[in-house]
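Here the structure is a predicted model, which means the values were calculated and not measured.
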Amino acid sequence: MTAVLAGSRLLPVLTVASAASAGPLADALAAGGALCAEVTLRTPDAEQVLKAMAAHGALTVGAGTVLTPDQAERAVAAGARFLVSPGFDAEVIRKAQELGVPVVPGAATATELMSALKAGLDTVKLFPAEPLGGTRMIRALAAPFPQARFVPTGGIGPDRLASYLAHPAVLAVGGSWMAADGHLERGEYAEIRRLTAEAVERSAP
């Protein structure tokens with residue numbers, strides 16, 4: 001997963017209702033300095049959005065909210081370079097490994113983290129990060145599992161970005177505030193670019 005992120009510590013998490021938004025959205029994110037993005041499979045057009053953004057070429061694009069092996073296979077066929085799941089599912093992980101793409105399963109407990117490590121992974125998505133305790137939860141899990149890396153998402157806003165990134169176990173932070181539903185509905189791509197640039201600056205080493 002480190003190679004996929006290409007040094008970026010910021011992962012925009014996108015829920016996009018219309019495939020028509022894919023091109024302008026990719027333009028705005030790339031212009032703001034984003035290097036990668038996660039397209040969640042939560043809308044009817046999600047697969048087409050993923051395909052369009054992957055073909056755009058400006059970003060390394062992955063699929064999020066991957067719940068089944070079939071979704072994993074379809075996402076990779078659409079161009080996903082990595083997969084993210086809200087929880088731990090052994091079948092999804094095996095399918096991703098068969099397909100040769102990085103997968104980041106969700107983990108909310110030490111048991112789920114142990115399962116991910118046992119499956120040969122070293123990076124998990126702490127989800128939902130803020131309700132679970134945020135950086136306190138990361139410190140608690142990182143102590144007995146120093147080999148683990150975390151991509152926290154869920155309820156994180158720009159004001160909390162720096163505190164997460166300050167922990168050495170955090171590989172990157174995922175967030176949706178850069179391209180929220182309202183921005184996309186209103187076509188506010190300049191605002192998406194501004195918020196992305198601001199987040200990229202805040203996440204810089």
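Of all heavy-atom pairs between A34 and V200, the closest is N-CG2, 3.9 Å. Across all their heavy atoms, V151 and G174 have their closest contact at CG1-N, 4.3 Å. Counting all heavy atoms, side chain and backbone alike, A78 lies closest to A54 at O-CB, 4.0 Å. P144 and A140 get closest at one heavy-atom pair: CD-O, 3.1 Å. Shortest non-hydrogen contact noted between A75 and A63 is CB-CB, 3.6 Å. Residues R193 and A31 share a closest heavy-atom pair of CD-CB, 3.4 Å.
For the pair V16 and L25, the minimum side-chain heavy-atom distance is below 4.5 Å. Looking only at side-chain heavy atoms (C-beta outward), L195 and H183 come within less than 4.5 Å of each other. Taking 4.5 Å as the limit, every side-chain heavy atom of T60 sits out of range of all side-chain heavy atoms of L35. The shortest side-chain heavy-atom distance between Y164 and I138 falls under the 4.5 Å cut-off. Side-chain contact between L132 and P152 is absent, with no heavy atoms from C-beta onward closer than 4.5 Å. Under the 4.5 Å side-chain criterion, counting only non-hydrogen atoms from C-beta, F82 is in contact with L11. Using a 4.5 Å cut-off on side-chain heavy atoms (C-beta onward), Y189 and D27 make no contact.
Of the possible donor and acceptor atoms, none in the side chain of S85 sits under 3.5 Å from a partner among the backbone N and O of F88. Within the 3.5 Å criterion, the main-chain N or O of A17 finds no donor-acceptor partner in the side chain of S21. Between the side chain of T123 and the main chain of V104, no donor-acceptor pair closer than 3.5 Å is present. A donor-acceptor pair is defined here as one N or O able to donate and one able to accept, closer than 3.5 Å; no such pair exists between the side chain of R74 and the backbone of P69. In this structure, R149 contributes its side chain and P146 its backbone to a donor-acceptor pair below 3.5 Å. With hydrogens and angles disregarded, no donor-acceptor distance shorter than 3.5 Å links the side chain of D45 to the backbone of Q48. Side-chain atoms of E191 do not come within 3.5 Å of backbone N or O of E188 as any donor-acceptor pair.
Summarising the geometry, atom CZ belonging to R139 is positioned 6.5 Å from atom NE2 belonging to H167; distances are rounded to the nearest 0.5 Å. In this structure, R81 CZ and L59 CG are separated by 11.0 Å, a value rounded to the nearest 0.5 Å. To the nearest 0.5 Å, atom CD of residue E38 and atom CG of residue L14 are 8.0 Å apart. Taken from CG in L10 to CE in M178, the straight-line distance is 4.5 Å, to the nearest 0.5 Å. The OG atom of S18 sits 11.0 Å away from atom CD of E185, with the distance rounded to the nearest 0.5 Å. Atom NZ of K118 sits about 13.5 Å away from atom CG of L113, to the nearest 0.5 Å.
Within 6.0 Å of atom NZ in K95, more than 12 heavy atoms from other residues, nucleotides or ligands are found, so the atom counts as buried in its surroundings. Around CE of M137, the count of heavy atoms belonging to other residues, nucleotides or ligands within 6.0 Å exceeds 12. Residue E201 qualifies as open at atom CD: its count of foreign heavy atoms under 6.0 Å is 12 or below.
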Q.
Quick one, R9 with L171, criterion side chain to side chain contact (heavy atoms under 4.5 Å, CB included). Give me CA distance, side-chain angles, the key distance, then yes/no.
A. CA-CA 6 Å; R9 305 195 71 202; L171 183 62; over 6 Å; no

Q) Does the side chain to side chain contact (heavy atoms under 4.5 Å, CB included) test come out yes or no for L41 and E47, once each step is laid out? A) CA-CA 7 Å; L41 303 181; E47 195 172 316; 5.5 Å; no

Q.
Would K125 and F150 count as a side chain to side chain contact (heavy atoms under 4.5 Å, CB included) here? Give the steps.
A. CA-CA 6 Å; K125 167 182 174 173; F150 299 88; over 6 Å; no

**Q.** From CA spacing to verdict: side chain to side chain contact (heavy atoms under 4.5 Å, CB included), T15, S176
**A.** CA-CA 8 Å; T15 300; S176 60; over 6 Å; no

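E198 has a carboxylate O that lies under 4.0 Å from a charged side-chain N of R194, or vice versa, which qualifies the two as a salt bridge.
For the pairing with L126, the side-chain contact (heavy atoms from CB on, under 4.5 Å) check across V170, V173, L141 returns one residue only, L141. Of the residues listed (L83, D89, L121), the one engaging P105 in a side-chain contact (heavy atoms from CB on, under 4.5 Å) is L121, and it is the only one.
Linking ILVMFWY residues whenever their side-chain heavy atoms come closer than 4.5 Å, directly or via other members, leaves V84 and V124 in distinct clusters. Under a hydrophobic-cluster definition in which Ile, Leu, Val, Met, Phe, Trp and Tyr are linked whenever side-chain heavy atoms come within less than 4.5 Å, directly or via other members, V66 and V49 are assigned to different clusters. Tracing side-chain contacts under 4.5 Å through hydrophobic residues (I, L, V, M, F, W, Y), one reaches V39 starting from L184; they form part of the same cluster. Residue V101 is grouped with residue V92 when hydrophobic side chains (ILVMFWY) are merged at heavy-atom distances under 4.5 angstrom, including chains of intermediate members.
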